Amino acid sequence: MNREDEETLNKLIKGGLLGAGLTALLKREADGEDIAVGALLGAAILASIKASERAKETKIPLLVQEGDSLYWKHPNGQKELFKKLPTDPNHLPPKFKLS
C-alpha cells in the first residue's frame with residue numbers, strides 16, 4: 001500500500017468514526033446497527049469527496065446533474081448539455097441509457 005492509499009484509508013476510518021459518533025449523539029437510544037450505519041455513511045461521504053477531488057485532477061469532464069438535465073462539466077468550467085431527464089414520474093421508463 002502506497003502513502004496516498006494509506007492516507008485515504010485513514011481518512012475513511014476517521015469519517016466512519018465521525019459518522020458513528022454523530023449517530024450516537026443525535027439519536028437518544030442508538031443501537032449497534034444505528035452506529036454501524038452512521039459509520040458507513042460517514043466513510044461513504046468522505047470517499048465520495050475524495051473520489052470527486054481525484055476525478056478533477058484527471059482533467060476528464062465530469063457528468064453532473066442540474067435540475068432535470070445532465071451536463072458534461074469540463075475542467076475549464078464550461079458546461080455542455082448531455083441529456084434532458086424525464087420529469088413526469090408517471091412516464092419514467094424502468095431503465096434508460098445515458099449514452
Side-chain angles (χ1 to χ4, degrees):
M1 184 180 311
N2 64 28
R3 179 83 175 137
E4 188 175 334
D5 290 341
E6 198 172 303
E7 287 178 19
T8 300
L9 182 60
N10 285 335
K11 287 180 182 179
L12 292 177
I13 291 170
K14 288 176 187 176
L17 292 174
L18 181 63
L22 284 174
T23 300
L25 276 174
L26 295 174
K27 197 163 183 189
R28 290 183 182 199
E29 295 181 27
D31 60 14
E33 185 176 318
D34 294 329
I35 291 174
V37 169
L40 288 172
L41 286 174
I45 290 168
L46 276 180
S48 66
I49 291 169
K50 183 67 175 172
S52 179
E53 290 171 356
R54 291 183 82 176
K56 288 177 185 174
E57 293 171 3
T58 65
K59 307 294 184 204
I60 296 173
L62 301 174
L63 194 59
V64 295
Q65 179 183 354
E66 290 185 9
D68 64 348
S69 300
L70 293 174
Y71 294 90
W72 285 114
K73 187 173 180 184
H74 298 276
N76 65 2
Q78 174 195 358
K79 287 188 286 187
E80 176 186 347
L81 179 64
F82 175 67
K83 188 171 201 167
K84 294 281 269 177
L85 298 174
T87 55
D88 184 4
N90 296 325
H91 293 95
L92 288 176
K95 295 181 181 179
F96 59 92
K97 292 182 180 181
L98 293 177
S99 60

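Just so it is clear, the model here is predicted, and its values are computed rather than measured.
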Please give the remaining members of the hydrophobic cluster of Leu41, linking ILVMFWY side chains under 4.5 Å, ordered by chain and number. Val37
Mind jotting down which residue pairs meet the salt bridge (charged side-chain N to carboxylate O under 4.0 Å, His left out) criterion with at least one end in residues 58-74? Sequence neighbours excluded, please. Glu66-Lys79, Asp68-Lys84
Suppose we screen for side chain to side chain donor-acceptor pair (under 3.5 Å). Which residues come up paired with Glu57, at least two apart in sequence or across chains? none
Set of residues satisfying side chain to side chain contact (heavy atoms under 4.5 Å, CB included) with respect to Leu70, sequence neighbours excluded: Leu63, Gln65, Phe82, Leu85, Leu98
Residues at least two apart in sequence or cross-chain that pass side chain to side chain contact (heavy atoms under 4.5 Å, CB included) with Leu81, listed by chain then number, are Ser69, Tyr71
Sorted by first residue and then second, give each salt bridge (charged side-chain N to carboxylate O under 4.0 Å, His left out) pair with at least one member in residues 42-54; sequence neighbours left out. Glu4-Arg54
